[in-house]
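On a predicted model such as this, the values are computed, not experimentally measured, just so you know. In what follows, chains carry the letters A, B, and so on, assigned in the order in which the sequence lines appear, proteins first and then strands, with residues in each chain numbered from 1.
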There are 4 protein chains.
Amino acid sequence: MAIHYMTAGDSHGPGLLGILEGIPSGLALSEEMLLPQLMRRQQGYGSGGRMKIEKDRARIMAGVYDGLTTGAPIGLLIENLDFANWQEHQPPLYTVPRPGHADLAGAVKYGLSHTRPISERASARETAMRVAVGTVARLLLEAGGINIYSRVVQIGGVRAAGRPAEELLNEEEMKEIHERCEESEVRCADAASEAQMLAAIDRARESGDSLGGSVELFAYKIPIGLGTHVSRDRKLDTRLAAALMSIPAVKAVEIGIGADVGMRPGSEVHDQVDPQQAARGGRLTNRAGGIEGGMTNGMPVWLRAHFKPVATLQKTLNSVDLQSGEARRARYQRSDVCIVPRGSSVLEAELAIVLADALLDMFGQDRLDQTLERLAAHRARSIVEHTGHA
Amino acid sequence: MAIHYMTAGDSHGPGLLGILEGIPSGLALSEEMLLPQLMRRQQGYGSGGRMKIEKDRARIMAGVYDGLTTGAPIGLLIENLDFANWQEHQPPLYTVPRPGHADLAGAVKYGLSHTRPISERASARETAMRVAVGTVARLLLEAGGINIYSRVVQIGGVRAAGRPAEELLNEEEMKEIHERCEESEVRCADAASEAQMLAAIDRARESGDSLGGSVELFAYKIPIGLGTHVSRDRKLDTRLAAALMSIPAVKAVEIGIGADVGMRPGSEVHDQVDPQQAARGGRLTNRAGGIEGGMTNGMPVWLRAHFKPVATLQKTLNSVDLQSGEARRARYQRSDVCIVPRGSSVLEAELAIVLADALLDMFGQDRLDQTLERLAAHRARSIVEHTGHA
Amino acid sequence: MAIHYMTAGDSHGPGLLGILEGIPSGLALSEEMLLPQLMRRQQGYGSGGRMKIEKDRARIMAGVYDGLTTGAPIGLLIENLDFANWQEHQPPLYTVPRPGHADLAGAVKYGLSHTRPISERASARETAMRVAVGTVARLLLEAGGINIYSRVVQIGGVRAAGRPAEELLNEEEMKEIHERCEESEVRCADAASEAQMLAAIDRARESGDSLGGSVELFAYKIPIGLGTHVSRDRKLDTRLAAALMSIPAVKAVEIGIGADVGMRPGSEVHDQVDPQQAARGGRLTNRAGGIEGGMTNGMPVWLRAHFKPVATLQKTLNSVDLQSGEARRARYQRSDVCIVPRGSSVLEAELAIVLADALLDMFGQDRLDQTLERLAAHRARSIVEHTGHA
Amino acid sequence: MAIHYMTAGDSHGPGLLGILEGIPSGLALSEEMLLPQLMRRQQGYGSGGRMKIEKDRARIMAGVYDGLTTGAPIGLLIENLDFANWQEHQPPLYTVPRPGHADLAGAVKYGLSHTRPISERASARETAMRVAVGTVARLLLEAGGINIYSRVVQIGGVRAAGRPAEELLNEEEMKEIHERCEESEVRCADAASEAQMLAAIDRARESGDSLGGSVELFAYKIPIGLGTHVSRDRKLDTRLAAALMSIPAVKAVEIGIGADVGMRPGSEVHDQVDPQQAARGGRLTNRAGGIEGGMTNGMPVWLRAHFKPVATLQKTLNSVDLQSGEARRARYQRSDVCIVPRGSSVLEAELAIVLADALLDMFGQDRLDQTLERLAAHRARSIVEHTGHA
C-alpha cells in the first residue's frame, strides 16, 4: 500500500510529530493549507477549556520544497503551546484508573505505578496530528476532484432529522448539508435536532456526565476500483474499518447502511445498475456505501462511526488504587462533555488517508501530474472500453 | 505483529491454499483437529446445495512434525472435491455483473470481459481456508484456556430473544448458549426466535430473495493487556475491525455495545471496577466488550458483526452487459439464501487469529510451553504486583 | 510495495506451497512456463543424488483463468514425489547439530530435542518454491522486455576468466555468456576455468569436503527510477540485499563492483553520463550496478552473491549431543558437494521478484496491458521531457 | 517484528524528525545519552566543513516520562542549526546531476527540473537521525549486556593491519581495539595503517577526488536464537543485509567472512562446537559471524560493510543538463573527501536497531524489566535444558 504514516507525541509533552511517507511529488502544500482542518478539530459544543486556549498549527518540517511536495517523507510538528507552563505546573500523578480509559490495562501492561504515562499517549491530543496528516491526503484527493464531507447524525440518543445517507447521491446536496453542519456547534444540519442535541449536552454537563454519538462520512467522485477483492489486507473495507476504529473512542463502524443490512431482504439491499451511467457508478440507490467486494463501485463512499462518551466524568466511577489495591473513585480532570462534533474532522482525516492510499495504489505515487492524468484516463473510459470491447 | 497469513484459491479451482506464519513450536495439531470447525462452516439452514456435497478437509502440508507444530510456516490445502467434474462441465461465462457483488468493479479494475475471474476469488469459498487457519489460532488460544463462542442474534429483521451480551460475564452461561446454538440450524439459542428465523428464510427462498443478519462473538479468560494504546496499527480495536470487516459480506462491526455507545450517558457506558477482581477483569458490567484504549481489560471480549444478504438472487436485479453496455438483468446461479449461521464460524476464525496474534506479541512466539508459562505468570499477578508495589 | 509472497513446506513433507500476491491480471502463465527454471535449479555438477530423482513441477492452484493471471493470489504447489516412500522409511532423528547449519540455534530457540524439525525447514528444498514464484515475476519482466541472466564467477577459490561485469553493457554479449553458462555443468562461460572448477569439486568430494562460490546476476533494459531514495525500506538496494541474503547459504551481497568500491577513488567509481543516451541509462561505465541513490539509473542492474559451502560434510565436524550435552561428531547425510551452479537460479528468482515488485510500484499492478503501456510511455520520454522542459 | 521507525527531514530544512515505535517501558533515556553517538557521527578525518559547524542534538519530543521510556512511540527532533541562515542564503539550484548520486534518477522519477529536492533527501544528513534512533536501540541492548563495536579496516585501498575479525572472540580484546579506533581520526586501531590512510585521504583531497572504504561491526554477548530460519523476512541475515545496505553509499554487505566463504572448503568455514560452552556460543572459530540458518548462534555477531567514495568531487565528471539535455560537467559543492570513519556510527546504529528488534521479538516488548528477566533466564539454561532433557 502506497502511504504509511506514524505519529509520536504525548498530551503534555513538547509537541506532536507526524511522518507521512508515499505522497507523490508536485502537490501544493503549505502550513496555511493545513490550518482550516486543525481549526475544525478544535471547535464544537461540549468541548472543554483546553481547546479554547491552544491554536494548533502544524509546522512542515520536511518533504516540501518551494511550496510543492518532493516525494520525500512529509514531516510535521505541532507544538504544544502550553508546554512551558506545564513544565512548571505538572499535573498530579493519578493512581486511580478511569473506567472506559486505557489507564488500567495500560498500567498493567507497561508495569506502571501511576497512569500518567498511559494517559499522555491514550489521549485525544494525538488526533491533532492525524488531522494534519489527513489534510495532506485530502488535498491530494481534492486535486483529483474528490471531496470529503461529514455530518453528526446522533448525540446522546438524539437523532438528527434529514434525508438518509443512502439517498444522498448528489454531491451538491451533500455540500449544502455539510455547510450547514459547519455552521452548527454540533455539526448537525437540522436546526430542530441541533437544538435538542445542545440541550442534551447541557443536561449531561449539569449532571456531571458525558455523551457520545454518531457521525456519517461521505466522499464523492470516487473512481471504480479503489481497493481490491483479491486479498484480506488490501480490501478497501478492511482498511476503512481499521482506520476508523483506530480513532480513540470509536466503538462501531458501518459501511453504507451497515448494521441495517440484515434488516432488509437482498432485493432491497443491493444497488441496481443504471447501464447508461455504469462507468460512473450508475446505481439507482447507494446502500452499499459505494463499496462492493472490497472495491469502490463508483458511487459515493459513505460510512458511519460511533463515538463512546468520554471517560473522564465529573460524576466519578468506582475504581481501584494501583498502589494499594484498595477501592477508590476515579478522579475528575476537567474534560470535554462531548467530542462528537470535533471527532468529525478526525474521521474525515482517516477516511482521506485510506482513499488517497488506494488512489495512489491504482494510479501511481511518483508524480502527481502523472497520477492525475492516469485517473482522468480511467474516468473517461466507458464500461465497454474498460472491459476491452470498444 | 506475530502472526501473518495468506490464502490463495478460486471457487472452482483445484483447491485452496493457506500459509500461516508465526505459530510457536509445540502446539498439538492434526487434520482431525481442524475438521469440526470446517464442518460447522458447511452447515446451516438457508445454505444451498453445494455445501451438502463437499466435505471440506484441510490437509496439513507443512509446519507439523510428529503431531506438533515446529515453528515453521503451517501449510494447508483444501482440495475442491468436484474439481474434476468442473473441468468437464465448466460454468458458463457471465457478462452481466450481479449488484452487491465484486463483479462489476472487479471487471473494470482488472480489465475483464466477463466476471468469472472475479467471482472465482470474491467467493465465500475462500472462507473455508480462513476457518482452517483460524482453527490453528483457536487451538493455540485453547491451550491457554481461552475459548471462543458465538450466537446469531438477528436474521432478516428477526431478533433473537435472550440476555444481552453485555451481561454475559460468566463463561459457563455462555457455553450453554453456544451449545444450544450449535444445535440450532440458524445458530439461535432461543427456540421461539429460531422458529421465526426459519420462517423468514423460507419466505425469502419462496420469494426468490436473500437475507442477512447479525452475529455476536465472545472470548473468555482474556489476560489484561492484549493490544496496546500506543499506536494506530497495534491497537486491538483496529485489528479486530480489520479482521471482521475483511470477511465477505460483513458491512458493520461493533465492539461491545458498539453503535449503542452514543445512546447512553458516559456513566452508563463505562464499566466500573470491582477492586477485588481488578487483576482478572473485575468489572461489574461489560459494555466495552473487554477492550479499553486499544487493549483488553481482562473482561470477556465481545463483538458484533453484520452480514448483508447474499448478492445472488433468484429475483434478478437490473444490471449492464459488460460486452455491449446494454441493460440486462443479472443471471441467477444456485446460491444460499442466508449465510449468517455459517458465517459465524468464519467470524470466530478471524477473532481467534487476532487474539492469538496479540497473545503471541505479548508472551512470545518461539515455544508454546514458554508462551503459556509467561501467560500463567501474568495471570497470577495482582494489580499491585503488576504495577510494581508488591 | 506491490508484491508479497510466502512459502511453506518441509524437506520431507508432502510438498511445498507458495502464495504470490500482487501480480496484475493478463499475464500468460502455465505450468509448462514454470518448468524450465525449476529444471535449471535441479542441475549442476556437485549435486547429490536427490536432485536426479525428483523432477519438480509446480502446479498452479489459483490465480490463473484460461491461461491468464486474474489479479488474484497465485497459488503454487510442488509435491515431493518421494513423500510416500519417506512415510515408510523415515530418516533417523539426529541429535547432533551440524556446524554451519540452523540445527543448533534452531533446536535451542524452538526447544527441540532433535534437529529434524529444524532441518526440514532450513533446507535448500524450500528454494524450489522461490524459483517457481520468481519465475512468475520473471515472466512479467520479460513481458516488459526485461531479461535476467547470471554466471558463476568463482567456485572454491577458482575464479572464472572473462570480461568484468562492469563492462558488460551490451545485452547481446551477456546473452551469449549466459548461454555458454547454461551449457556448463558449473555455469561458467570460460572453458579453462570450468575445467578447474570441476576438478576442485572432484577434489572436495574425494576429501569429504564441500565448496562454496560466487555468482553474478544481471538484468537489462531497466527503466530509470525503480525504487526510490526517499525511504530506507523502499530503496532498491535495501530490497535487493534483503532478497539475496535471505537465500540459504548466501553470506555476502555486492551491488555493482561492491566491496571493490573502496579500492578506487571516486573519479574511477562513479559512472559518467553520456548526454545523448541519458534517458536510457547513458553511462560509459557501470560500476554502480545500475543503482544510484536507491533507484535504478537505466543501466543494467548487476549484483554479486556469495554462497558458503554446504554444511553437511562427509568429513564430520565436532559438535554436541543435544540430549546429553556430550561431545559428538555431526553425522553425515548424503548431500551436495557444491550448490553454487544450482544456486544461480534461486538468485535469479529473487532478483526477478524485487525488480517486478518495483516495476509494479511504478507502473501499476491492476492490468498488465496498462502496466506495460505506462512503462512504454516512460521509456519513450527524453530526459528533458521527464523533467518537464520539452 | 517488534520495532518500526521512520525518519523525515531534508538536508537544508528546519530539521530531522524520527519516530521509533516498539521500545518497551522502563528504559532510561535522556538527550544527554544520545549525544555521544551523535558526536561520533560528526567526527573523522576527511570530513568537510559543515560537520565542524553543527553540533547535532536530538530533542526527545515524546515517549519518555520522568527519564524512562513509556512504551509509547519515541519522537526525536534534530534541528538544523543553520536553517535561519539558509533561509536567507539559499544554495543555488543545480540542473546537472552528479554521477554516483540519486540526482539523475530522482529527477526523472519525480519529474523535477533541478536536483535540489532530490539532494535534500538523498543526503548523508538523514543519517544523523538514524544514529539517534539507533542509540535508543543500543541503550536497550546495553541494558541486556550487549555491546556494539566497530573498526575501519580499509580506506581507499589501504588495508588496516590487525587480527582478523573471525579471531576476535574475546570482548575485552575487541573493547581495546574499539577504544584505539575512537582515538584515531580514521577509526583505525593500527598506527601504521592509520598513517597510510591519512596520507591517502590527503592525496585524494589534493587531486580533487574522494575515497571509500570498509568497516567491520561487532556485537558481543548475543543470546542464541535471535532471528529465525523459518521465513525469508524474519531471518536475521535478511534484516541485517537490508539495514546496512539501506545506508547511503553502502554497496556491499558481508556477514562473517562473507565473500571469502567461497574461497575455503566447508571444513574450514563451518565453526566447530565446543560442547562445554555450547549454550553460550561455544565455537572454536567464528567465520559465520555468529549467524547460522538465519539465527544467532551465541557467538559474537560480526559483519563488514563497504562504502563507496562520496559522489561530490572537486574533479567534476561528465553529465547532462536536465533542462537542455546538453552535455555539462557536474558542479562541485563543498563536500567530505571520505565519510568512512563517520559512517561507522551509522552502521553501528543500524546494527543496534536490528539486534534490538530481534531481541524484543524473542523476549517481549512491553516492559524492559520483564524483557531482561526473560533474557537472563534464557542465558542461564544449558543446551540440555533448552532442548528439554534436564
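- Panel note: side chain A/His270, backbone B/Thr312; no donor-acceptor pair is recorded below 3.5 Å.
- Of all the listed residues (A/Met295, A/Lys315, A/Glu254, A/Glu268), the one sharing the greatest number of non-hydrogen pairs under 4.5 Å with chain B is A/Met295.
- Between A/Asp237 and B/Val250, the closest side-chain pair of non-hydrogen atoms is not below 4.5 Å.
- The heavy-atom pair separating A/Gly258 from B/Ala252 by the smallest distance is C-CB, 3.7 Å.
- Ranked by heavy-atom pairs under 4.5 Å with chain B, the first of A/Gly106, A/Gly325, A/Gly156 is A/Gly156.
- With rounding to the nearest 0.5 Å, the separation of NE2 in A/His306 from CD1 in B/Ile257 is 11.5 Å.
- In terms of non-hydrogen atom pairs under 4.5 Å with chain B, the most contact-rich of A/Leu104, A/Ile247, A/Leu211 is A/Leu104.
- With chain A as the partner, the residue from B/Val273, B/Val253, B/Asp271, B/Val158 showing the most heavy-atom pairs under 4.5 Å is B/Val273.
- Of the listed residues (A/Ser246, A/Gly157, A/Gly212), the greatest number of heavy-atom pairs within a distance under 4.5 Å of chain B belongs to A/Ser246.
- Most heavy-atom pairs under 4.5 Å with chain A, from the set B/Asp260, B/Ile224, B/Leu284: that is B/Ile224.
- Note that the NZ atom of B/Lys251 and the CD1 atom of A/Ile291 stand 6.0 Å from one another [nearest 0.5 Å].
- Counting heavy-atom pairs under 4.5 Å between each of A/Val340, A/Asn318, A/Val320 and chain B puts A/Asn318 at the top.
- Neither the backbone nor the side chain of B/Ala330 comes within less than 4.5 Å of any heavy atom in chain A.
- Note that CD of B/Gln272 is 6.5 Å distant from CZ of A/Arg329, once rounded to the nearest 0.5 Å.
- For chain A, no part of B/Arg381 is nearby; none of its heavy atoms comes within less than 4.5 Å.
- Of the atoms belonging to B/Arg130, it is side-chain heavy atoms, and not backbone ones, that fall under 4.5 Å from chain A.
- Of the two parts of B/Ile118, the backbone and the side chain both hold a non-hydrogen atom closer than 4.5 Å to a non-hydrogen atom of chain A.
- Within the 4.5 angstrom heavy-atom criterion, no atom of B/His114 approaches chain A.
- In this structure, chain A has heavy atoms under 4.5 Å from both the backbone and the side chain of B/Val108.
- Contact annotation for B/Ser324: only backbone heavy atoms (N, CA, C, O) come within less than 4.5 Å of a heavy atom of chain A.
- With a 4.5 Å cut-off on non-hydrogen atoms, A/Arg283 touches chain B through its side chain but not through its backbone.
- The two residues A/Thr387 and B/Ala107 make their nearest non-hydrogen contact at CG2-O, 4.0 Å.
- Looking at B/Met362, the atoms closer than 4.5 Å to chain A (heavy atoms on both sides) all sit in the side chain, from C-beta outward.
- For chain B, the nearby part of A/Thr296 is the backbone; its heavy atoms alone come within less than 4.5 Å.
- In this structure, A/Arg121 contributes its side chain and B/Val230 its backbone to a donor-acceptor pair below 3.5 Å.
- Listed here is the closest heavy atom pair of B/Ala102 and A/His229: CB-CB, 4.1 Å.
- The contact between B/Lys235 and chain A is made entirely by side chain atoms (from C-beta outward), counting heavy-atom distances below 4.5 Å.
- Neither the backbone nor the side chain of B/Ala204 comes within contact range of chain A, judged by heavy atoms closer than 4.5 Å.
- Note that the CG atom of A/Asn297 and the NE2 atom of B/His101 stand 13.5 Å from one another [nearest 0.5 Å].
- Among A/Gly225, A/Ala278, A/Ala8, A/Pro223, the residue making the largest number of heavy-atom pairs under 4.5 Å with chain B is A/Gly225.
- When each of B/Asp209, B/Val337, B/Leu313 is checked for a side-chain contact (heavy atoms from CB on, under 4.5 Å) with A/Pro265, only B/Asp209 meets the rule.
- Taken to the nearest 0.5 Å, the CG atom of B/Asp274 stands 10.5 Å off from the OG atom of A/Ser319.
- Of the two parts of B/Glu350, only the side chain, counted from C-beta on, holds a non-hydrogen atom closer than 4.5 Å to a non-hydrogen atom of chain A.
- Shown here for A/Ala243 and B/Arg232, the closest heavy-atom pair between the two residues is CB-NH2, 3.6 Å.
- For B/Arg159, the part lying under 4.5 angstrom from a heavy atom of chain A is the side chain only.
- Looking at A/Gln154, the atoms closer than 4.5 Å to chain B (heavy atoms on both sides) all sit in the side chain, from C-beta outward.
- Interface residue A/Lys308: backbone and side-chain heavy atoms are both found under 4.5 Å from chain B.
- With a threshold of 4.5 angstrom between heavy atoms, B/Leu240 does not approach chain A through any atom at all.
- Heavy atoms closer than 4.5 Å to chain A are found in the backbone of B/Val310, but not in its side chain.
- Taking CG from A/Leu244 and CE from B/Met245, the interatomic distance works out to 8.0 Å, rounded to the nearest 0.5 Å.
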